[in-house]
Amino acid sequence: IPPPRPETVPRPRLLAQLNAGLTANCKLTLISAPAGFGKTTLLSEWTSQRIGESANGRPVAWLSLDDADNDSTRFLTYFIAALQKVVPDVGASIAAALQSPQLPPVEVLLTDLLNEIAAIPDHCIFVLDDYHVIESHPVNAALAFLLDHLPPHLHLVIASREDPPLPLARLRARGQ
């Protein structure tokens, strides 16, 4: 997680909106804005506050994406590695299966991962930063599958320069 910058412009309204997404038990928070608008800075500040709260703090998994993450195996490997920073044992068997020469169907792996996430006792936040670099249909399809079946105690936050090709309208209509 990038450390918060010392001299940032205070954005209490945006921080309050991020917190509202957690209290409303939404599945997804999307931060979409052009380059240089402070998406990563905002999330860095917000997550440092969330981690610092003793009663309402939630562990945060953070994955900063780059062009190479358009490979679905690499994306899922790093997704699991980020989750393991929060819950060390989650996804270990799935990570091993991703390294096998005969890759099982992705939906099978994702279902197993979702079952392991569902067994996590605590609420947590997962941040995907720079999602605009993802152009791969298989990666977008995997994330859409995860969103459709996401356990209620995992909150996904996506920061991107553009709206990702995910079922955003359906999530908005459901208040998620």
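Any value given below was found using the heavy atoms of this structure, including those in side chains, with hydrogens, waters and symmetry copies removed.
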> Once the angle between the rings of F126 and F79 is folded into 0 to 90°, is it parallel (under 30°), tilted (30 to 60°) or perpendicular (over 60°)?
Replying inline: parallel
Using every non-hydrogen atom in the two residues, find where [X] and [Y] come nearest and quote the distance to one decimal.
{"X": "V60", "Y": "T47", "answer": "CG1-CG2, 3.7 Å"}
{"X": "E135", "Y": "N140", "answer": "C-ND2, 4.3 Å"}
{"X": "H149", "Y": "L114", "answer": "CB-CD1, 3.4 Å"}

>> Does H137 have more than 12 heavy atoms from other residues, nucleotides or ligands lying within 6.0 Å of its NE2?
In response: no
>> How about OH on Y78, more than 12 heavy atoms from neighbouring residues, nucleotides or ligands closer than 6.0 Å, or not?
In response: no
Any donor-acceptor N/O pair, [X] side chain to [Y] backbone, under 3.5 Å:
{"X": "Q176", "Y": "L28", "answer": "no"}
{"X": "R11", "Y": "A16", "answer": "no"}
{"X": "S160", "Y": "Y131", "answer": "no"}
{"X": "T29", "Y": "V157", "answer": "no"}

> How long is the gap from CZ on R58 to CG on L22, to the nearest 0.5 Å?
Replying inline: 4.5 Å
> Will you find, in the side chains of W46 and S48, an N or O donor that is under 3.5 Å from an N or O acceptor?
Replying inline: no
>> Under a plain distance cut-off of 3.5 Å, with no hydrogens placed, do T40 and D129 share a side-chain donor-acceptor pair?
In response: yes
>> Evaluate L168 against L30 for side chain to side chain contact (heavy atoms under 4.5 Å, CB included), listing each step before the verdict.
In response: CA-CA 9 Å; L168 299 177; L30 174 63; 3.7 Å; yes
> Between D69 and D71, is a side chain to side chain contact (heavy atoms under 4.5 Å, CB included) present by the stated rule, with each step listed?
Replying inline: CA-CA 5 Å; D69 296 320; D71 175 67; over 6 Å; no
>> Any salt bridge linking D148 with R170? Criterion: basic side-chain nitrogen under 4.0 Å from a carboxylate oxygen.
In response: yes
